[in-house]
Protein chains: 2
Amino acid sequence: MSTKDKIIASSLKNFLTKGYENTTMNLIAAESGIKKASLYYHYKNKEDIFITCIGYLLDSIEHHIESSQSELDNPKDKILTLFSSIIEFNTNLAYRYNKNYSKPLNFHQMLKVGSSKFIFVRERIDQYYDFLKDTIMEIIDEGKKEKLIVNNINTDILAFQFISILEGYLALSEIYSSITANKIRNQLRDSIWSSISIKENLQNANKKSTITKTFLGARW
Amino acid sequence: MSTKDKIIASSLKNFLTKGYENTTMNLIAAESGIKKASLYYHYKNKEDIFITCIGYLLDSIEHHIESSQSELDNPKDKILTLFSSIIEFNTNLAYRYNKNYSKPLNFHQMLKVGSSKFIFVRERIDQYYDFLKDTIMEIIDEGKKEKLIVNNINTDILAFQFISILEGYLALSEIYSSITANKIRNQLRDSIWSSISIKENLQNANKKSTITKTFLGARW
DNA sequence: GTCTATACAAGGATAGAC
DNA sequence: GTCTATCCTTGTATAGAC
(Lines give C-alpha, C1' and ligand atoms only; values in the text may rest on other atoms or scores of the structure.)
Protein backbone atom coordinates (compact mmCIF):
# COMPACT_ATOMS: atom_id res chain seq x y z
CA MET A 1 0.00 0.00 0.00
CA SER A 2 1.51 3.30 -1.06
CA THR A 3 1.83 6.24 1.29
CA LYS A 4 -0.81 8.11 -0.67
CA ASP A 5 -3.22 5.19 -0.28
CA LYS A 6 -2.47 4.88 3.43
CA ILE A 7 -3.37 8.51 3.87
CA ILE A 8 -6.66 8.07 1.99
CA ALA A 9 -7.56 4.92 3.90
CA SER A 10 -7.20 6.51 7.28
CA SER A 11 -8.76 9.78 6.14
CA LEU A 12 -11.78 8.03 4.70
CA LYS A 13 -12.33 6.15 7.92
CA ASN A 14 -12.38 9.36 9.89
CA PHE A 15 -14.42 11.39 7.42
CA LEU A 16 -17.03 8.65 7.50
CA THR A 17 -17.11 8.12 11.23
CA LYS A 18 -16.55 11.67 12.48
CA GLY A 19 -17.53 13.91 9.58
CA TYR A 20 -15.50 16.48 7.68
CA GLU A 21 -14.89 19.12 10.34
CA ASN A 22 -14.06 16.70 13.14
CA THR A 23 -11.45 14.96 11.04
CA THR A 24 -8.26 16.94 11.61
CA MET A 25 -4.92 16.72 9.92
CA ASN A 26 -3.46 15.86 13.34
CA LEU A 27 -5.84 12.91 13.59
CA ILE A 28 -5.08 11.66 10.10
CA ALA A 29 -1.37 11.93 10.81
CA ALA A 30 -1.64 10.07 14.11
CA GLU A 31 -3.80 7.24 12.74
CA SER A 32 -1.93 6.72 9.51
CA GLY A 33 1.47 6.87 11.22
CA ILE A 34 2.60 9.54 8.81
CA LYS A 35 3.75 12.86 10.21
CA LYS A 36 1.57 15.84 9.52
CA ALA A 37 4.08 17.70 7.38
CA SER A 38 4.38 14.66 5.14
CA LEU A 39 0.67 14.72 4.41
CA TYR A 40 1.29 18.04 2.68
CA TYR A 41 3.95 16.50 0.49
CA HIS A 42 1.40 14.08 -0.99
CA TYR A 43 -1.71 16.26 -0.97
CA LYS A 44 -2.08 19.97 -1.40
CA ASN A 45 -4.35 20.44 1.62
CA LYS A 46 -7.19 18.90 3.62
CA GLU A 47 -9.72 19.54 0.87
CA ASP A 48 -7.51 17.75 -1.62
CA ILE A 49 -7.53 14.66 0.60
CA PHE A 50 -11.27 15.00 1.09
CA ILE A 51 -12.22 15.13 -2.56
CA THR A 52 -9.97 12.17 -3.26
CA CYS A 53 -11.93 10.25 -0.64
CA ILE A 54 -15.27 11.19 -2.17
CA GLY A 55 -14.11 10.10 -5.60
CA TYR A 56 -12.94 6.82 -4.17
CA LEU A 57 -16.24 6.26 -2.36
CA LEU A 58 -18.39 6.94 -5.41
CA ASP A 59 -16.22 4.80 -7.64
CA SER A 60 -16.51 1.99 -5.10
CA ILE A 61 -20.27 2.08 -4.76
CA GLU A 62 -20.77 2.22 -8.52
CA HIS A 63 -18.46 -0.74 -8.90
CA HIS A 64 -20.27 -2.60 -6.12
CA ILE A 65 -23.63 -2.00 -7.79
CA GLU A 66 -22.41 -3.03 -11.22
CA SER A 67 -20.78 -6.23 -10.06
CA SER A 68 -23.77 -7.25 -7.95
CA GLN A 69 -25.99 -6.85 -11.03
CA SER A 70 -23.77 -8.75 -13.43
CA GLU A 71 -24.88 -12.30 -12.63
CA LEU A 72 -28.59 -11.57 -12.73
CA ASP A 73 -30.88 -12.30 -15.64
CA ASN A 74 -34.36 -11.10 -14.69
CA PRO A 75 -35.83 -7.75 -13.67
CA LYS A 76 -37.19 -8.93 -10.34
CA ASP A 77 -33.84 -10.13 -9.07
CA LYS A 78 -32.19 -7.04 -10.47
CA ILE A 79 -34.46 -4.63 -8.70
CA LEU A 80 -34.36 -6.47 -5.38
CA THR A 81 -30.63 -6.86 -5.56
CA LEU A 82 -30.10 -3.23 -6.46
CA PHE A 83 -31.88 -2.16 -3.32
CA SER A 84 -30.04 -4.65 -1.15
CA SER A 85 -26.62 -3.99 -2.56
CA ILE A 86 -26.74 -0.28 -1.81
CA ILE A 87 -27.93 -0.87 1.74
CA GLU A 88 -25.27 -3.54 2.01
CA PHE A 89 -22.56 -1.15 0.87
CA ASN A 90 -23.52 1.18 3.70
CA THR A 91 -23.78 -1.46 6.39
CA ASN A 92 -20.49 -3.01 5.33
CA LEU A 93 -18.75 0.33 5.74
CA ALA A 94 -20.42 0.78 9.12
CA TYR A 95 -19.22 -2.59 10.27
CA ARG A 96 -15.72 -2.09 8.98
CA TYR A 97 -15.24 1.19 10.76
CA ASN A 98 -17.55 0.92 13.76
CA LYS A 99 -17.73 -2.84 14.27
CA ASN A 100 -21.45 -2.19 14.27
CA TYR A 101 -23.75 -2.65 11.30
CA SER A 102 -26.28 -0.09 12.35
CA LYS A 103 -24.20 2.76 13.74
CA PRO A 104 -24.58 5.46 11.11
CA LEU A 105 -21.77 6.94 9.06
CA ASN A 106 -21.47 10.37 7.49
CA PHE A 107 -21.76 9.29 3.89
CA HIS A 108 -24.49 11.75 3.06
CA GLN A 109 -22.80 14.55 4.97
CA MET A 110 -19.59 13.98 3.01
CA LEU A 111 -21.47 14.33 -0.26
CA LYS A 112 -23.16 17.46 0.96
CA VAL A 113 -19.94 19.11 2.13
CA GLY A 114 -18.16 18.16 -1.06
CA SER A 115 -21.05 19.38 -3.16
CA SER A 116 -21.05 22.76 -1.45
CA LYS A 117 -17.30 23.24 -1.82
CA PHE A 118 -16.61 22.33 -5.44
CA ILE A 119 -18.66 22.38 -8.60
CA PHE A 120 -16.87 19.39 -10.07
CA VAL A 121 -17.71 17.34 -6.97
CA ARG A 122 -21.36 18.29 -7.34
CA GLU A 123 -21.14 17.12 -10.93
CA ARG A 124 -19.59 13.84 -9.90
CA ILE A 125 -22.41 13.28 -7.39
CA ASP A 126 -25.03 14.06 -10.03
CA GLN A 127 -23.28 11.56 -12.25
CA TYR A 128 -23.63 8.91 -9.56
CA TYR A 129 -27.34 9.53 -9.10
CA ASP A 130 -27.85 9.66 -12.84
CA PHE A 131 -26.11 6.31 -13.08
CA LEU A 132 -28.44 4.95 -10.39
CA LYS A 133 -31.50 6.36 -12.11
CA ASP A 134 -30.45 5.03 -15.51
CA THR A 135 -29.76 1.61 -14.07
CA ILE A 136 -33.23 1.46 -12.53
CA MET A 137 -34.94 2.75 -15.66
CA GLU A 138 -33.20 0.14 -17.75
CA ILE A 139 -34.45 -2.61 -15.45
CA ILE A 140 -37.98 -1.23 -15.51
CA ASP A 141 -38.00 -1.04 -19.28
CA GLU A 142 -36.71 -4.60 -19.53
CA GLY A 143 -39.49 -5.69 -17.17
CA LYS A 144 -42.09 -3.92 -19.24
CA LYS A 145 -40.90 -5.63 -22.41
CA GLU A 146 -41.13 -9.03 -20.74
CA LYS A 147 -44.62 -8.19 -19.43
CA LEU A 148 -43.43 -8.55 -15.86
CA ILE A 149 -43.95 -4.93 -14.96
CA VAL A 150 -47.09 -2.93 -15.62
CA ASN A 151 -46.26 -0.75 -18.58
CA ASN A 152 -48.19 2.45 -18.06
CA ILE A 153 -46.30 3.66 -15.02
CA ASN A 154 -44.01 6.52 -15.82
CA THR A 155 -40.56 4.95 -15.74
CA ASP A 156 -38.65 7.93 -14.46
CA ILE A 157 -41.11 8.67 -11.67
CA LEU A 158 -40.77 5.09 -10.55
CA ALA A 159 -37.00 5.37 -10.62
CA PHE A 160 -37.07 8.52 -8.56
CA GLN A 161 -39.36 6.93 -6.00
CA PHE A 162 -37.08 3.95 -5.71
CA ILE A 163 -34.12 6.21 -4.99
CA SER A 164 -36.21 8.30 -2.65
CA ILE A 165 -37.28 5.37 -0.48
CA LEU A 166 -33.69 4.17 -0.39
CA GLU A 167 -32.29 7.53 0.67
CA GLY A 168 -35.13 8.01 3.11
CA TYR A 169 -34.41 4.71 4.75
CA LEU A 170 -30.72 5.54 5.06
CA ALA A 171 -31.38 9.06 6.38
CA LEU A 172 -34.01 7.93 8.84
CA SER A 173 -31.93 5.12 10.23
CA GLU A 174 -29.39 7.73 11.29
CA ILE A 175 -31.73 9.52 13.66
CA TYR A 176 -34.82 7.45 14.42
CA SER A 177 -34.20 4.69 16.91
CA SER A 178 -37.40 2.78 16.13
CA ILE A 179 -36.09 1.88 12.71
CA THR A 180 -34.16 -1.29 13.29
CA ALA A 181 -32.37 -2.13 10.10
CA ASN A 182 -33.41 -5.67 9.22
CA LYS A 183 -37.05 -5.46 10.20
CA ILE A 184 -38.09 -2.54 8.05
CA ARG A 185 -35.56 -2.96 5.29
CA ASN A 186 -36.98 -6.22 3.96
CA GLN A 187 -40.53 -4.95 4.08
CA LEU A 188 -39.52 -1.91 2.08
CA ARG A 189 -37.63 -3.95 -0.46
CA ASP A 190 -40.46 -6.41 -0.96
CA SER A 191 -43.02 -3.70 -1.43
CA ILE A 192 -40.98 -2.09 -4.17
CA TRP A 193 -41.23 -5.14 -6.36
CA SER A 194 -44.73 -6.26 -5.52
CA SER A 195 -46.10 -2.82 -6.21
CA ILE A 196 -44.88 -2.77 -9.80
CA SER A 197 -45.17 -6.35 -10.92
CA ILE A 198 -47.95 -7.61 -13.15
CA LYS A 199 -47.58 -11.06 -11.70
CA GLU A 200 -48.68 -9.93 -8.26
CA ASN A 201 -51.70 -8.29 -9.78
CA LEU A 202 -52.72 -11.26 -11.84
CA GLN A 203 -52.32 -13.63 -8.95
CA ASN A 204 -54.67 -11.54 -6.91
CA ALA A 205 -57.00 -11.05 -9.83
CA ASN A 206 -57.79 -14.74 -9.80
CA LYS A 207 -59.26 -14.48 -6.34
CA LYS A 208 -62.54 -13.04 -5.15
CA SER A 209 -63.18 -9.31 -4.62
CA THR A 210 -60.68 -8.62 -7.32
CA ILE A 211 -60.34 -4.88 -7.17
CA THR A 212 -59.49 -4.47 -3.57
CA LYS A 213 -57.35 -7.55 -3.52
CA THR A 214 -55.52 -6.45 -6.58
CA PHE A 215 -54.68 -3.24 -5.01
CA LEU A 216 -53.59 -4.92 -1.85
CA GLY A 217 -51.26 -7.03 -3.88
CA ALA A 218 -49.26 -3.88 -4.16
CA ARG A 219 -49.00 -3.74 -0.38
CA TRP A 220 -48.91 0.00 -0.52
CA MET B 1 -37.32 40.08 22.12
CA SER B 2 -35.23 39.07 25.11
CA THR B 3 -31.47 38.73 24.92
CA LYS B 4 -31.78 34.96 25.30
CA ASP B 5 -34.18 34.84 22.34
CA LYS B 6 -31.95 37.07 20.25
CA ILE B 7 -29.09 34.67 20.84
CA ILE B 8 -31.21 31.68 19.84
CA ALA B 9 -32.55 33.40 16.73
CA SER B 10 -29.15 34.21 15.35
CA SER B 11 -27.69 30.86 16.43
CA LEU B 12 -30.48 28.92 14.78
CA LYS B 13 -29.97 30.77 11.54
CA ASN B 14 -26.31 29.85 11.48
CA PHE B 15 -26.71 26.27 12.65
CA LEU B 16 -29.22 25.77 9.84
CA THR B 17 -27.26 27.49 7.10
CA LYS B 18 -23.69 26.57 8.06
CA GLY B 19 -24.01 23.48 10.26
CA TYR B 20 -22.90 22.92 13.83
CA GLU B 21 -19.12 23.08 13.52
CA ASN B 22 -19.04 26.10 11.22
CA THR B 23 -21.19 28.13 13.56
CA THR B 24 -18.74 29.69 15.98
CA MET B 25 -19.35 31.66 19.15
CA ASN B 26 -17.58 34.57 17.47
CA LEU B 27 -20.07 34.42 14.62
CA ILE B 28 -23.09 34.24 16.90
CA ALA B 29 -21.74 37.19 18.88
CA ALA B 30 -21.13 39.26 15.77
CA GLU B 31 -24.51 38.56 14.18
CA SER B 32 -26.60 38.95 17.29
CA GLY B 33 -24.78 42.11 18.36
CA ILE B 34 -24.05 40.60 21.75
CA LYS B 35 -20.45 40.28 22.87
CA LYS B 36 -19.06 36.80 23.13
CA ALA B 37 -18.57 36.88 26.90
CA SER B 38 -22.22 37.80 27.36
CA LEU B 39 -23.31 34.68 25.54
CA TYR B 40 -21.79 32.74 28.39
CA TYR B 41 -23.85 34.65 30.91
CA HIS B 42 -27.06 33.37 29.29
CA TYR B 43 -25.98 29.92 28.20
CA LYS B 44 -23.51 27.52 29.73
CA ASN B 45 -21.68 26.81 26.48
CA LYS B 46 -22.11 26.27 22.75
CA GLU B 47 -23.82 22.92 23.24
CA ASP B 48 -26.33 24.52 25.56
CA ILE B 49 -27.28 27.01 22.83
CA PHE B 50 -27.40 24.22 20.29
CA ILE B 51 -29.79 21.96 22.16
CA THR B 52 -32.04 24.93 22.86
CA CYS B 53 -32.20 25.50 19.10
CA ILE B 54 -33.07 21.87 18.39
CA GLY B 55 -35.85 21.93 20.96
CA TYR B 56 -37.20 25.10 19.43
CA LEU B 57 -37.09 23.62 15.92
CA LEU B 58 -38.89 20.42 16.85
CA ASP B 59 -41.52 22.27 18.85
CA SER B 60 -42.09 24.53 15.85
CA ILE B 61 -42.48 21.79 13.29
CA GLU B 62 -44.84 19.83 15.52
CA HIS B 63 -46.91 22.94 16.05
CA HIS B 64 -46.88 23.68 12.31
CA ILE B 65 -48.10 20.17 11.53
CA GLU B 66 -50.81 20.23 14.17
CA SER B 67 -52.19 23.58 13.16
CA SER B 68 -52.16 22.72 9.46
CA GLN B 69 -54.22 19.59 10.25
CA SER B 70 -56.75 21.29 12.49
CA GLU B 71 -59.12 22.61 9.83
CA LEU B 72 -59.33 19.38 7.86
CA ASP B 73 -62.12 16.86 8.04
CA ASN B 74 -61.27 14.03 5.70
CA PRO B 75 -58.36 11.58 5.41
CA LYS B 76 -57.41 12.52 1.88
CA ASP B 77 -56.89 16.18 2.69
CA LYS B 78 -55.13 15.24 5.89
CA ILE B 79 -52.61 12.98 4.23
CA LEU B 80 -51.90 15.36 1.35
CA THR B 81 -51.61 18.31 3.69
CA LEU B 82 -49.36 16.46 6.08
CA PHE B 83 -46.90 15.83 3.29
CA SER B 84 -47.08 19.39 2.00
CA SER B 85 -46.83 21.04 5.38
CA ILE B 86 -43.59 19.32 6.29
CA ILE B 87 -42.01 20.17 2.96
CA GLU B 88 -43.36 23.68 3.38
CA PHE B 89 -41.78 24.02 6.80
CA ASN B 90 -38.42 23.22 5.26
CA THR B 91 -38.77 25.47 2.25
CA ASN B 92 -40.00 28.34 4.42
CA LEU B 93 -36.91 28.08 6.58
CA ALA B 94 -34.75 27.94 3.47
CA TYR B 95 -36.33 31.07 2.11
CA ARG B 96 -36.12 32.93 5.39
CA TYR B 97 -32.44 32.29 5.81
CA ASN B 98 -31.20 31.91 2.27
CA LYS B 99 -33.73 33.93 0.32
CA ASN B 100 -33.93 30.81 -1.78
CA TYR B 101 -36.57 28.09 -1.44
CA SER B 102 -34.43 25.30 -2.72
CA LYS B 103 -31.02 25.95 -1.19
CA PRO B 104 -30.72 23.20 1.38
CA LEU B 105 -30.37 23.71 5.12
CA ASN B 106 -28.72 21.54 7.73
CA PHE B 107 -31.87 20.42 9.50
CA HIS B 108 -31.03 16.75 9.31
CA GLN B 109 -27.40 17.33 10.24
CA MET B 110 -28.49 19.25 13.34
CA LEU B 111 -30.63 16.34 14.46
CA LYS B 112 -27.81 13.94 13.86
CA VAL B 113 -25.23 15.97 15.75
CA GLY B 114 -27.63 16.52 18.63
CA SER B 115 -28.56 12.88 18.68
CA SER B 116 -24.93 11.80 18.91
CA LYS B 117 -24.12 14.23 21.72
CA PHE B 118 -26.95 13.77 24.19
CA ILE B 119 -29.29 10.91 25.00
CA PHE B 120 -32.16 13.22 25.88
CA VAL B 121 -31.91 14.92 22.48
CA ARG B 122 -32.07 11.52 20.83
CA GLU B 123 -35.18 10.81 22.86
CA ARG B 124 -36.74 14.10 21.83
CA ILE B 125 -36.08 13.30 18.17
CA ASP B 126 -37.64 9.85 18.59
CA GLN B 127 -40.61 11.57 20.16
CA TYR B 128 -40.99 13.77 17.08
CA TYR B 129 -40.90 10.85 14.68
CA ASP B 130 -43.27 8.87 16.90
CA PHE B 131 -45.61 11.83 16.80
CA LEU B 132 -45.36 11.87 13.01
CA LYS B 133 -45.93 8.13 12.77
CA ASP B 134 -48.90 8.23 15.15
CA THR B 135 -50.44 11.12 13.26
CA ILE B 136 -50.21 9.21 9.99
CA MET B 137 -51.51 5.99 11.49
CA GLU B 138 -54.50 7.80 12.93
CA ILE B 139 -55.36 9.23 9.52
CA ILE B 140 -55.00 5.83 7.87
CA ASP B 141 -57.24 4.19 10.44
CA GLU B 142 -59.83 6.89 10.00
CA GLY B 143 -59.69 6.36 6.24
CA LYS B 144 -60.12 2.63 6.67
CA LYS B 145 -63.20 3.10 8.81
CA GLU B 146 -64.75 5.38 6.24
CA LYS B 147 -63.92 2.88 3.48
CA LEU B 148 -61.73 5.42 1.72
CA ILE B 149 -58.52 3.50 2.21
CA VAL B 150 -58.02 -0.16 1.47
CA ASN B 151 -58.03 -1.87 4.82
CA ASN B 152 -55.66 -4.76 4.54
CA ILE B 153 -52.50 -2.75 4.19
CA ASN B 154 -50.44 -2.85 7.32
CA THR B 155 -50.94 0.58 8.85
CA ASP B 156 -47.53 0.98 10.41
CA ILE B 157 -45.67 -0.12 7.30
CA LEU B 158 -47.61 2.45 5.34
CA ALA B 159 -46.76 5.12 7.91
CA PHE B 160 -43.11 4.25 7.74
CA GLN B 161 -43.10 4.40 3.97
CA PHE B 162 -44.74 7.78 4.03
CA ILE B 163 -42.03 9.12 6.33
CA SER B 164 -39.37 7.39 4.31
CA ILE B 165 -40.39 8.99 1.01
CA LEU B 166 -40.58 12.35 2.74
CA GLU B 167 -37.13 12.09 4.28
CA GLY B 168 -35.75 10.68 1.06
CA TYR B 169 -37.06 13.59 -0.91
CA LEU B 170 -35.56 16.07 1.56
CA ALA B 171 -32.21 14.28 1.69
CA LEU B 172 -31.99 13.88 -2.06
CA SER B 173 -32.84 17.47 -2.80
CA GLU B 174 -29.74 18.46 -0.85
CA ILE B 175 -27.33 16.71 -3.16
CA TYR B 176 -28.96 15.75 -6.45
CA SER B 177 -29.35 18.66 -8.84
CA SER B 178 -31.87 16.93 -11.10
CA ILE B 179 -34.48 17.01 -8.38
CA THR B 180 -36.14 20.35 -8.81
CA ALA B 181 -38.45 20.85 -5.90
CA ASN B 182 -41.87 21.54 -7.38
CA LYS B 183 -41.74 19.12 -10.24
CA ILE B 184 -41.12 15.93 -8.32
CA ARG B 185 -42.71 16.94 -5.06
CA ASN B 186 -46.27 17.02 -6.37
CA GLN B 187 -45.89 13.75 -8.20
CA LEU B 188 -44.66 12.13 -5.02
CA ARG B 189 -47.46 13.60 -2.96
CA ASP B 190 -50.16 12.54 -5.40
CA SER B 191 -48.87 9.01 -5.62
CA ILE B 192 -49.03 8.61 -1.87
CA TRP B 193 -52.77 9.13 -1.79
CA SER B 194 -53.74 7.46 -5.02
CA SER B 195 -51.81 4.35 -4.08
CA ILE B 196 -53.81 3.76 -0.90
CA SER B 197 -57.28 4.96 -1.78
CA ILE B 198 -60.16 2.65 -2.56
CA LYS B 199 -61.77 5.33 -4.68
CA GLU B 200 -58.96 5.29 -7.22
CA ASN B 201 -59.29 1.55 -7.53
CA LEU B 202 -63.01 1.55 -8.03
CA GLN B 203 -62.84 4.31 -10.59
CA ASN B 204 -60.42 2.33 -12.63
CA ALA B 205 -62.34 -0.85 -12.08
CA ASN B 206 -65.21 0.56 -14.10
CA LYS B 207 -63.05 0.83 -17.15
CA LYS B 208 -61.76 -1.85 -19.49
CA SER B 209 -58.67 -3.97 -18.83
CA THR B 210 -59.35 -3.68 -15.17
CA ILE B 211 -56.39 -5.34 -13.63
CA THR B 212 -53.65 -3.38 -15.23
CA LYS B 213 -55.57 -0.14 -15.08
CA THR B 214 -56.35 -0.69 -11.46
CA PHE B 215 -52.78 -1.07 -10.70
CA LEU B 216 -51.86 1.96 -12.66
CA GLY B 217 -54.34 3.91 -10.63
CA ALA B 218 -51.79 3.60 -7.94
CA ARG B 219 -49.28 5.31 -10.19
CA TRP B 220 -46.52 3.31 -8.60
C1' DG C 1 10.15 11.59 0.94
C1' DT C 2 10.01 12.18 5.71
C1' DC C 3 10.91 14.45 9.61
C1' DT C 4 11.17 18.43 13.70
C1' DA C 5 9.99 22.77 14.66
C1' DT C 6 7.22 26.55 14.21
C1' DA C 7 4.07 30.27 12.32
C1' DC C 8 -0.31 32.10 12.53
C1' DA C 9 -5.26 32.22 12.99
C1' DA C 10 -9.30 30.94 15.28
C1' DG C 11 -11.77 28.07 18.33
C1' DG C 12 -14.19 27.74 23.19
C1' DA C 13 -14.21 29.62 27.48
C1' DT C 14 -13.18 32.66 31.75
C1' DA C 15 -11.60 36.81 34.86
C1' DG C 16 -12.88 40.71 36.46
C1' DA C 17 -14.10 45.82 35.70
C1' DC C 18 -18.20 48.51 35.15
C1' DG D 1 -26.14 41.99 32.58
C1' DT D 2 -22.71 43.49 29.58
C1' DC D 3 -18.38 44.58 28.43
C1' DT D 4 -12.78 44.36 27.45
C1' DA D 5 -9.04 41.70 27.79
C1' DT D 6 -7.01 37.46 27.97
C1' DC D 7 -6.10 32.28 28.43
C1' DC D 8 -5.32 28.01 26.53
C1' DT D 9 -5.90 24.73 22.98
C1' DT D 10 -6.07 23.23 18.53
C1' DG D 11 -6.68 23.99 13.75
C1' DT D 12 -4.27 24.40 8.92
C1' DA D 13 -0.20 25.04 6.82
C1' DT D 14 4.90 25.93 5.87
C1' DA D 15 10.28 26.23 6.51
C1' DG D 16 13.99 23.85 6.26
C1' DA D 17 17.19 19.96 8.06
C1' DC D 18 18.12 15.20 6.94
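Computed from heavy atoms alone, side chains included, the values below leave out hydrogens, waters and symmetry copies. Predicted, not measured: the structure shown is a model, and the values here were computed from it.
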Check: A/Phe160 and B/Leu188 side chains under 4.5 Å, non-hydrogen atoms: yes
Between [X] ([atom1]) and [N] ([atom2]), how many Å, whole number?
{"X": "B/Glu21", "N": "C/dA10", "atom1": "CD", "atom2": "C1'", "value": "15 Å"}
{"X": "A/Ile7", "N": "C/dC3", "atom1": "CD1", "atom2": "P", "value": "10 Å"}
{"X": "B/Lys4", "N": "D/dT2", "atom1": "NZ", "atom2": "C1'", "value": "15 Å"}
{"X": "B/Asp48", "N": "C/dG12", "atom1": "CG", "atom2": "C1'", "value": "14 Å"}
{"X": "B/His42", "N": "C/dA13", "atom1": "NE2", "atom2": "C1'", "value": "16 Å"}
{"X": "B/Leu39", "N": "C/dT14", "atom1": "CG", "atom2": "P", "value": "13 Å"}
{"X": "B/Tyr41", "N": "C/dA13", "atom1": "OH", "atom2": "P", "value": "18 Å"}
{"X": "B/Leu27", "N": "C/dA13", "atom1": "CG", "atom2": "C1'", "value": "17 Å"}

Where protein sits on nucleotides 13-18 of chain D, one letter per nucleotide: B base, S sugar-phosphate only, - none, heavy atoms under 4.0 Å: BBB---
N/O donor-acceptor pair under 3.5 Å between B/Lys112 side chain and A/Ala171 backbone: no
Neighbour count >12 (heavy atoms, 6.0 Å) for atom OH, B/Tyr56: no
Atom NZ of B/Lys78 with >12 non-hydrogen neighbours under 6.0 angstrom: yes
Plane angle bin for A/His64 and A/Phe89 - parallel if under 30°, tilted between 30 and 60°, otherwise perpendicular: tilted
Under 4.0 Å between a side-chain N/O of [X] and OP1 or OP2 of [N], yes or no?
{"X": "B/Ser38", "N": "D/dG1", "answer": "no"}
{"X": "A/Thr24", "N": "D/dT10", "answer": "no"}
{"X": "B/Thr3", "N": "D/dG1", "answer": "no"}

Test: A/Lys103 cationic atom under 6.0 Å from A/Tyr101 six-membered ring centre, within 45° of axis: no
With sequence neighbours excluded, residues passing side-chain contact (heavy atoms from CB on, under 4.5 Å) with A/Asp59: A/Arg124
Nucleic acid contacts - residues 107-120 of chain B versus DNA chain C, non-hydrogen atoms under 4.0 Å: none
A/Ile140 and its side-chain contact (heavy atoms from CB on, under 4.5 Å) partner, picked from A/Asp156, A/Thr135, A/Leu148, A/Ile149: A/Ile149
Donor + acceptor pair across side chains of B/Ser84, B/Arg189 (<3.5 Å): yes
